[in-house]
Amino acid sequence: MDLSLDETQELFRRTARDFAARELAPHVREWDRAEAYDPDVLRSLAEVGFLGLTLPAEYGGTPSDQVAYCLVLEELGAVDSAIRGVISVNVGLVGKTLVAWGDPDQQAEFLPGMCDGSRIACFALTEPGSGSDPASLRTTARRDGGDWILDGQKTFITNGIRAGVALVFARTGEGRRGITAFLVPTDAPGFERRKIDGKLGLRAQDTAELFFDGVRVPDAYRLGEVGRGLAVALSALNRGRMSVAAGCVGIARGAFEAALAYAKERTQFGRPIASFQLVQEHLAEMAVDVETARLVTWRVASMFDRGEEVTIESSIAKYHASEAAIRVADRAVQVHGGYGYIDEYPVGKFLRDARVMTLYEGTSEIQKLIIGRHLTGVSAFT
Ligand SMILES: Cc1cc2nc3c(=O)[nH]c(=O)nc-3n(C[C@H](O)[C@H](O)[C@H](O)COP(=O)(O)OP(=O)(O)OC[C@H]3O[C@@H](n4cnc5c(N)ncnc54)[C@H](O)[C@@H]3O)c2cc1C
């Protein structure tokens, strides 16, 4: 299946494929084992324009439509989802949110550093006691003259160690309308971070706990109105789910291609294993998952490009693509036999990286409840 891509979209896809082959593929295993990527890759990502995808050119961004954005994330995800995720957060969760909700001064101050890699962003919503239910978050922001003082803790924050700015959600009042969003420079006094090691997948990516101890933020860095933070967060996640889905298409495709190539070259019983019907069943199921995941993801991207409402479609895409990525990567390990279990082959990492996709930016259960609420008109959350 292929949408008829235009020339520009094809160019983005080719550029991303070449970039991934040249800049990522030679290092993926080493970075995964070291639980850290080479920070120089941020410069390369900035040079090729990927850290500013879809963002305004006047702030150093790389204008592109959302389909092209998904093509790039698929290509990077097919080689290294850890690096794909850096862009998903910097652009998908924070950059696009800054464009949607920020004023010109905020955009001029923060977007250039996010696009050139000198000040990448993280998205700080989750707390130790608040995951699927973000309305229960407890980090506080209290007014002090023209500033706000932040106290609290965030956890599982992607890019948290390297970020120069954090989009932080804090409580400024009671209930769902008592949350406000802030752009917090990570060199502010009172801000600290600690790396979370030992992740199952996305090991090269930095994930951190963030601590706020009387961090002072000017009111000029408040993103959106006081009390509208949950709306900011949910709109960011709505866009972000498309990034995750596109990355999942990449994982699924990478795992499928590896399994197909291996099945053709590996012989048992005097024949390539690809000739066995049960192996062909694996490959056929994988191909269907890759194609359908891509279709639902591109549907969301083209709806965004047309300015349409996408809440349900982005949940469907995220849910289907993330579950598909796990299924495909798991089958790819099966097709590789014992060789799939060691990291000389890429499929084990695809499976480990895929596993988080049904967990973050709304678990599969949460996506199903969002879809179910739309279908029935009844919310299971309240
Ligand atoms: C590698 C990684 C990177 C991450 N990056 C970020 C980031 O950059 N920024 C950020 O803010 N967060 C990030 N997260 C956090 C992630 O979004 C949360 O882990 C996720 O939202 C789930 O929250 P939780 O872990 O607290 O699980 P819980 O909410 O405690 O859920 C536990 C289980 O209960 C189920 N459950 C919960 N509520 C319901 C319900 N109403 N009905 C049915 N089942 C339910 C869940 O589906 C899940 O199976 C990251 C997490 C990981 C692992």
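For ligands, and for the atoms within them, numbers begin at 1 and follow the listed sequence.
For atom 32 (C) of ligand 1, the nearest protein heavy atom lies 4.0 Å away or farther. Closer than 4.0 Å to atom 6 (C) of ligand 1 lies at least one heavy atom of the protein. Protein heavy atoms come within 4.0 Å of atom 49 (O) of ligand 1.
Of the candidates T358, T126, L93, the one placing a heavy atom closest to atom 15 (C) of ligand 1 is T126. Among F381, F169, F156, F123, the residue whose heavy atom lies closest to atom 51 (C) of ligand 1 is F156. For atom 1 (C) of ligand 1, the nearest non-hydrogen atom from the set I366, V356, D133 belongs to V356. Nearest to atom 42 (N) of ligand 1 by heavy-atom distance, out of D353, L167, L369, is L369. The nearest non-hydrogen atom to atom 45 (C) of ligand 1, considering only E365, E127, K154, comes from E365.
Looking at residues two or more places apart in sequence or on another chain, you find a salt bridge (Lys or Arg N to Asp or Glu O under 4.0 Å) between R143 and D219.
Checked against the 6.0 Å centroid threshold, F123 and F169 count as a close aromatic pair. Side-chain rings of F211 and F191 stay apart, their centers remaining 6.0 Å or farther from each other. Side-chain rings of F12 and Y69 stay apart, their centers remaining 6.0 Å or farther from each other.
Among the candidates E257, E10, E75, the single residue satisfying the salt bridge (Lys or Arg N to Asp or Glu O under 4.0 Å) test with R17 is E75. Among W101, Y59, Y221, F182, the single residue meeting the ring pair (Phe, Tyr, Trp, His ring centres under 6.0 Å) criterion with F110 is Y221.
Within the listing of ligand 1, atoms 11 (O) sit less than 4.0 angstrom from a heavy atom of L125. Within ligand 1, the atoms closer than 4.0 Å to a non-hydrogen atom of E361 are 17 (O), numbered from 1 in the order shown. Heavy-atom contacts of G131 reach the following atoms of ligand 1: 21 (O), 23 (O), 24 (P), 26 (O), 29 (O) (cutoff under 4.0 Å). Interface atoms of ligand 1 facing S132, defined by a heavy-atom separation under 4.0 Å, are 23 (O), 28 (P), 29 (O), 31 (O), 37 (C), 38 (N). Residue-ligand proximity, I157 to ligand 1, at heavy-atom distances under 4.0 Å covers atoms 7 (C), 8 (O), 9 (N), 10 (C), 11 (O).
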Can you give me every donor-acceptor pair (side chain of residues 265-272, partner residue at least two apart or in another chain, under 3.5 Å) with its distance?
| from | atom 1 | to | atom 2 | distance (Å) |
| --- | --- | --- | --- | --- |
| R271 | NE | S275 | OG | 3.2 |
| R271 | NH2 | S275 | OG | 3.4 |

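The residue Q205 has no part lying near ligand 1, judged by heavy-atom distances below 4.0 Å. At a 4.0 Å heavy-atom cut-off, ligand 1 touches T363 through the side chain alone.
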message: Would E323 and K368 count as a salt bridge (Lys or Arg N to Asp or Glu O under 4.0 Å) here? Give the steps.
response: CA-CA 12 Å; E323 297 284 346; K368 284 190 269 193; 5.7 Å; no
- request: Take I316 and I371 through the side chain to side chain contact (heavy atoms under 4.5 Å, CB included) test and state the conclusion after the steps.
  value: CA-CA 7 Å; I316 290 173; I371 298 164; 3.8 Å; yes
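Under a cutoff of 6.0 Å and an axis angle of 45°, K199 and F156 do not form a cation-pi pair. Cation-pi contact between R162 and Y37: present, with separation from the ring centre below 6.0 Å and deviation from the ring axis of at most 45°.
Of all protein heavy atoms, the one lying nearest to atom 8 (O) of ligand 1 is T158 N, 3.0 Å. Considering only non-hydrogen protein atoms, atom 20 (C) of ligand 1 sits nearest to L359 O, 3.4 Å. Of the protein's heavy atoms, Y360 CD2, 3.7 Å lies nearest to atom 2 (C) of ligand 1.
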